[in-house]
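Before any comments, here is the structure.
Chain identifiers are assigned alphabetically (A, B, ...) following the order of the sequence lines, protein sequences preceding nucleic acid strands; residue numbering begins at 1 within each chain.
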Amino acid sequence: MSTAPTEIPKAYDPKLVEEKWYADWLAKGHFTANAASTKPAYSIVQPPPNVTGVLTMGHVLNNSIQDILARRKRMQGYEVLWLPGTDHAGIATQTVVEKALRKQGVMKHRDDLGREKFLENVWEWKEKHGGIINQQLKKLGCSCDWTRERFTMDEAYSRCVLQVFVDLYQKGLIYRGKRMVNWCPVSRTALSDEEVIMRTVAGSLWHIRYPVLDAKGQPHPKDFMVVATTRPETMLGDEAVAVNPSDARYQKLIGKKLLLPLKNKQIPVIADEAVDPKFGTGCVKVTPAHDVADYEMALRHNLPFTVVIGPDGKMTEEAGEPFTGLDRMEAREAVVKELTEDGLLLKTEPYEHNVGYSERTDVPIEPYLSEQWFLKYPQVPHSTETVENGEIKFYPERWTKTYTHWLRGIRDWCISRQLWWGHQIPVWYRGDEIYCGLEAPKGEGWQQDPDVLDTWFSSWLWPFATMGWSLDVARDRPEKSDVLKKFYPTTDLVTGPDIIFFWVARMIMAGYEYMGEKPFGNVYFTGIIRDTIGRKMSKSLGNSPDPLDLIAKYGADGLRFGLMLIAPQGQDILFDEKRCEVGRNFMNKLWNAARFIQMQKANRGSAGASPSQHNAHDLKVQFEMNQAIAAVSQALDEYKFNEAAKELYDFVWGDFCDWYIEASKVSPNIEVLDEVLGNILRLLHPFAPFITEELWAGTGGAGTIQLVPWPTPREIEGMTDKVVSQVNDLYDFVTAGRQLRSDQRIDPKAKVAFIIKAVSNEEFLRSEIAFLKRLLNAEDVKIDHNYEPPPGKPTVVIASEIGGPVSSATSITMDVGDLVVNIDTERQRLAKQLADTEKQLAATDAKLANENFVSKAAPVAVQRERDKQQQLREQREKIQTLLRALQ
RNA sequence: GGGCGCGUAGUUCAGUUGGCUAGAACGCACGGAUCACACCCGUGAGGUCACAGGUUCGAGUCCUGUCGCGCCCACCA
């Protein structure tokens with residue numbers, strides 16, 4: 001502590017320190033993990049944000065938490081790897097770039113450019129806009145190992161993706177098949193089930209008559225079957241009408257033919273168990289090519305598949321005139337119109353139902369029959385068990401249920417996408433031949449599958465493909481780098497619960513399949529950031545603040561701390577910019593506390609040694625510091641970041657600033673001030689890296705605070721329970737005295753006197769007169785165990801905690817000298833206090849009068865109640881006496 | 001239809017295995033340029049713990065039910 005104190009500015013200005021320190025940390029390589037280190041490993045892989053994304057509040061939350069974990073572990077002596085990176089985000093990026101290119105008039109559809117040219121544009125876009133988010137994370141203070149930054153389309157990473165594909169293909173887990181898939185007509189690609197979000201929409205249920213044909217194939221004028229549908233446009237592709245085989249109403253009709261309206265086509269009436277006779281009319285139109293349930297029925301009954309809606313969402317030629325070429329929604333109206341004109345529409349009723357929407361483009365999904373690649377998930381039972389038995393722990397735990405429920409009902413994953421941006425499927429065709437391998441097969445005429453893989457098919461390998469993993473497909477033996485050996489399995493994963501299926505579950509399966517080990521030990525699920533009225537933050541709503549603006553206004557530390565303070569484990573966060581003010585104010589408070597200490601040192605110079613004896617305030621603050629260290633450590637161990645933040649806030653602002661620094665103005669102990677501040681800086685560093693480093697350096701700390709050991713509670717010499725309760729009582733007198741001043745509207749500048757009636761700790765109080773005088777702004781403070789407050793002098797009766805006999809109604813009396821006391825105010829105050837006391841006493845009396853309580857409750861509880869009763873009685877008596885004197 | 005979570009001060013949240021007068025922060029009211037800090041200091045007001053039963057000597061806390069809000073899963077046309 002030899003550095004000369006420098007002038008510290010009055011208000012903390014984050015701009016002056018944040019950039020400076022971040023550059024310093026990078027230059028010194030503090031974030032770079034060393035695989036050869038002998039320290040224990042701690043690792044965490046960052047959920048890779050979309051490469052073209054910009055920082056959102058969600059990222060701020062997520063990455064602040066990861067940074068807190070990483071920084072604390074560094075202080076605890078771990079070799080930390082926090083691996084950052086970005087995701088190519090196939091469909092998202094492609095959609096964005098397509099939109100931009102259309103806007104620029106470069107193309108109408110990507111086919112205009114062709115695959116190669118289009119991809120050039122995407123890469124260009126990626127170079128230009130990619131990685132912005134990482135610059136933003138640096139502003140936030142994130143201590144990622146940027147030397148190991150990865151991108152899911154890096155050469156090495158891509159190789160891993162293809163190796164895994166080939167391997168799973170060889171294992172027979174990947175297969176190709178013509179299936180009904182979720183089709184997005186805007187992106188013109190298949191989607192996985194997880195990319196479809198169900199939405200309740202107010203639609204209609206149209207009841208349509210299908211004429212029954214007689215033996216000669218002629219429609220009966222009055223004989224109809226009535227089907228109910230929410231999608232009349234699909235009737236153009238109907239191949240049957242189905243009824244339940246046990247439905248008595250339609251027994252006779254099974255096997256007969258109907259005339260499909262608008263198409264004048266004969267379709268059969270079939271019987272199938274899938275039909276619920278109680279719903280609607282009990283007759284279902286069957287559209288094999290455009291409905292999942294119908295598709296399955298068609299397979300059972302050998303029906304043909306007529307495709308009437310094309311991949312672009314428009315009606316095909318099969319739909320027939322005048323519908324061909326219409327958009328599916330236009331076709332719906334046109335069909336309804338024609339049916340109405342033909343008198344075949346029986347009725348239309350409003351109907352609420354669920355419709356699947358594309359997560360990305362927000363249009364209704366079309367069930368679409370096409371050739372796609374599918375994956376039978378590996379390691380499903382094992383992945384379920386390990387989360388269930390806690391080998392992989394979820395925080396909050398309840399997400400395990402969601403996870404296992406999904407795994408138990410898991411279905412094959414459609415991994416092919418009809419996009420260009422992504423990893424092209426490593427399969428080649430030549431006639432009937434098919435080849436799957438890392439490179440194109442030798443020989444002429446091979447055509448590679450044009451599809452790419454689902455983005456998540458690359459990100460599910462993230463925990464190891466980023467660390468130098470490689471699979472020798474021929475020998476089926478993974479190669480492990482030193483990094484992998486040191487840092488896999490990773491320790492913690494921090495992510496949102498919205499990607500528990502997309503990402504977390506799949507990483508677990510991939511980890512077991514390819515590493516033979518879990519990918520991470522703990523998964524912390526953050527809440528979702530919402531606005532003050534609970535809406536999700538979104539660009540379109542305009543309710544999501546730009547984190548960079550917030551950093552500029554409140555400082556990165558202020559933003560981080562403010563956010564952590566309101567982020568309870570597992571609950572959504574209602575974010576209000578005001579929260580950042582709390583963080584910023586707290587940083588400023590800390591700044592000024594440090595400034596105070598600096599000034600103390602300057603005042604005393606090197607000559608003024610600290611008192612060697614610790615006084616009661618020193619002991620008390622050290623006691624509270626121990627509590628804080630323990631509480632913060634435990635909260636962080638349990639991933640309760642808001643509790644840790646709250647604990648720090650209360651200790652710093654309350655115990656340290658409000659009481660200890662105030663006491664220090666009477667008799668400072670620089671050593672203790674330094675020690676407590678030092679510990680505060682260490683505890684706070686994971687939350688607020690910049691200010692703590694700045695103050696650490698500014699107060700003469702050695703090296704970087706990042707590598708200073710995490711504090712632990714220590715034995716305090718001279719510390720007893722009695723000291724703590726004595727000091728608590730002392731503080732109670734201060735509060736009570738201030739109450740009197742405030743009640744009686746005594747000008748803060750007016751010096752008044754106080755007389756304290758002590759019971760058993762007179763000597764201690766006498767030693768604290770200077771302290772009392774200062775905090776009460778008093779001219780004089782007297783301690784007198786015989787003092788009886790005279791009538792009219794404002795007095796607060798205090799039930800003392802200080803040991804000794806339970807005869808302890810102490811008091812503090814204010815003597816205002818010549819000033820006038822408002823007797824009414826005083827009477828009111830006493831009356832209120834008396835009422836409170838009596839209320840409590842009544843409750844206590846009732847309890848003790850209850851024989852059941854006395855005999856059944858724990859003896860400690862009973863004794864406590866008795867002590868309380870005694871105290872309250874004395875207190876009541878004192879107050880009554882005072883009050884009587886005022887009548 | 002199934003599953004999960006949440007209802008505590010104006011607001012956002014704490015509230016351990018049931019047991020001192022249900023706490024905090026922000027906001028609000030009043031007072032204050034006191035020599036760390038007005039991004040501050042001091043004092044205060046504000047709650048039938050969603051509702052109804054039950055268990056218990058004792059319930060914000062445990063159990064059952066009801067209502068309200070949110071999320072996830074599910075192919076009833």
Side-chain angles (χ1 to χ4, degrees), chain A residues 8 10-12 180 198 205 227-231 234 242 274-276 278-287 291-296 351 353-354 356 367 396 398-399 401-402 405-406 409 497-498 500-501 528 530 532 534 554 558 565-566 568 570-576 578-579 581-600 642-643 646 649-650 653-654 657-658 661-662 664-665 735 738-743 745-749 775 777 836-837 839-840 843-844 847 850-858 860-862 864-865 867-868 871-872:
Chain A
I8 308 183
K10 218 170 162 179
Y12 172 57
M180 194 65 104
M198 298 306 281
L205 195 57
V227 300
T229 181
T230 54
R231 302 202 55 194
T234 63
V275 181
D276 177 359
K278 288 191 282 292
F279 185 88
T281 57
C283 309
V284 184
K285 62 193 261 325
V286 181
T287 318
D291 182 278
V292 181
D294 293 1
Y295 170 75
E296 274 154 23
Y351 186 66
H353 61 135
N354 294 326
R398 63 190 156 83
W399 291 110
K401 264 193 195 165
T402 309
H405 180 254
W406 183 74
D498 47 334
I500 190 165
F501 309 137
I528 291 166
R530 298 170 179 283
T532 41
Y554 304 102
L565 218 37
I566 55 160
Q571 239 141 275
D572 288 357
I573 295 140
L574 302 187
F575 181 79
D576 187 337
K578 281 227 163 93
R579 302 305 188 154
E581 281 179 27
V582 178
R584 177 200 57 185
N585 295 353
F586 182 58
M587 296 308 145
N588 194 54
K589 187 75 179 174
L590 176 71
W591 182 259
N592 277 287
R595 202 163 147 258
F596 170 80
I597 296 172
Q598 199 84 320
M599 290 165 101
Q600 290 298 311
N642 64 322
E643 282 180 27
K646 187 68 171 23
Y649 186 91
D650 289 345
W653 207 301
C657 292
D658 288 347
I661 285 188
E662 290 309 314
S664 295
K665 289 173 181 173
T735 304
R738 284 167 169 172
Q739 188 186 3
L740 291 175
R741 286 196 77 120
S742 181
D743 248 22
R745 315 246 154 202
I746 305 297
D747 185 334
K749 282 186 281 293
L775 272 75
N777 192 21
D836 286 350
T837 309
K839 195 179 131 201
Q840 284 175 62
T844 307
K847 261 191 190 176
N850 183 340
E851 230 173 88
N852 280 322
F853 174 73
V854 180
S855 60
K856 287 185 184 171
V860 216
V862 178
R864 208 165 33 214
E865 218 55 38
D867 291 350
K868 193 170 118 192
Q871 266 194 353
L872 286 167

Practice task
For B:C40, take OP1 and OP2 only and decide whether either is under 4.0 Å from a side-chain N or O of A:Y12.
Solution key: no
Fill in the blank from the handout: Ranking A:S742 and A:R864 by the position along RNA chain B of their nearest nucleotide, the one closer to 5' is A:R864
Exercise for the section: May I ask you to verify if any side-chain N or O of A:K749 is less than 4.0 angstrom from the OP1 or OP2 atom of B:A33? Expected result: yes
Handout entry: Short side-chain N/O contact from A:Q598 to OP1 or OP2 of B:A36, under 4.0 Å
Key = no
Practice task
Give a yes/no answer on whether the side chain of A:K589 brings an N or O atom under 4.0 Å of OP1 or OP2 in B:C41.
Solution key: yes
Exercise for the section: Look at all strands and tell whether A:R745 reaches a base, only sugar-phosphate, or nothing, counting heavy atoms closer than 4.0 Å. Expected result: sugar-phosphate
Practice task
Answer yes or no: are there more than 12 heavy-atom neighbours, outside A:H405 itself, under 6.0 Å from its atom NE2?
Solution key: no
Exercise for the section: Using modelled atom types only, decide if a donor and an acceptor are shared between the side chain of A:N592 and the backbone of A:A11 within a distance under 3.5 Å. Expected result: no
Problem - Presence of A:W653 side-chain N/O under 4.0 Å of B:C41 phosphate oxygens OP1/OP2 - result: yes
Practice task
Using only side-chain N and O atoms of A:Y351, determine if any of them is under 4.0 Å from OP1 or OP2 of B:A77.
Solution key: yes
Problem - Under-4.0 Å side-chain N/O to phosphate OP1/OP2 contact, A:K10 with B:C37 - result: yes
Handout entry: Spacing of A:F853 atom CZ relative to B:U56 atom C1', expressed in whole Å
Key = 13 Å
Exercise for the section: Classify the nucleic acid contact of A:F586 as base, sugar-phosphate or nothing, counting any heavy atom under 4.0 Å across all strands shown. Expected result: nothing
Practice task
Round to the nearest Å and state the distance from A:L574 atom CG to B:A25 atom P.
Solution key: 20 Å
Practice task
Select base, sugar-phosphate, or nothing to describe what A:T735 touches, counting heavy atoms under 4.0 Å on all strands.
Solution key: sugar-phosphate
Handout entry: Selected nucleotide, minimal atom distance to A:N585 side chain, candidates B:C76, B:C39, B:C73
Key = B:C39
Exercise for the section: Could you label the plane-to-plane angle of the A:Y351 and A:F279 rings as parallel, tilted or perpendicular, counting under 30° as parallel and over 60° as perpendicular? Expected result: perpendicular
Fill in the blank from the handout: pair_partner(B:C67), Watson-Crick or wobble, both distances < 3.5 Å, evaluates to B:G7
Exercise for the section: Determine which nucleotide pairs with B:G27, using a 3.5 Å limit on both distances of a Watson-Crick or G-U wobble pair. Expected result: none
Practice task
Quick one: label A:K401 by what it contacts on the DNA or RNA (base, sugar-phosphate, nothing), any heavy atom closer than 4.0 Å.
Solution key: sugar-phosphate
Problem - Any A:K665 side-chain N or O less than 4.0 Å from OP1/OP2 of B:A36 - result: yes
Practice task
Taking the side chain as every heavy atom from C-beta outward, state whether A:K665 and A:F596 have any atom pair closer than 4.5 Å.
Solution key: yes
Completion exercise
Assign each of A:T229 and A:W406 the nucleotide of RNA chain B bearing its closest heavy atom; nearer the 5' end lies the nucleotide of A:W406
Exercise for the section: Taking all non-hydrogen atoms of both residues into account, name the closest pair between A:I500 and A:W399 and its distance. Expected result: CD1-O, 3.8 Å
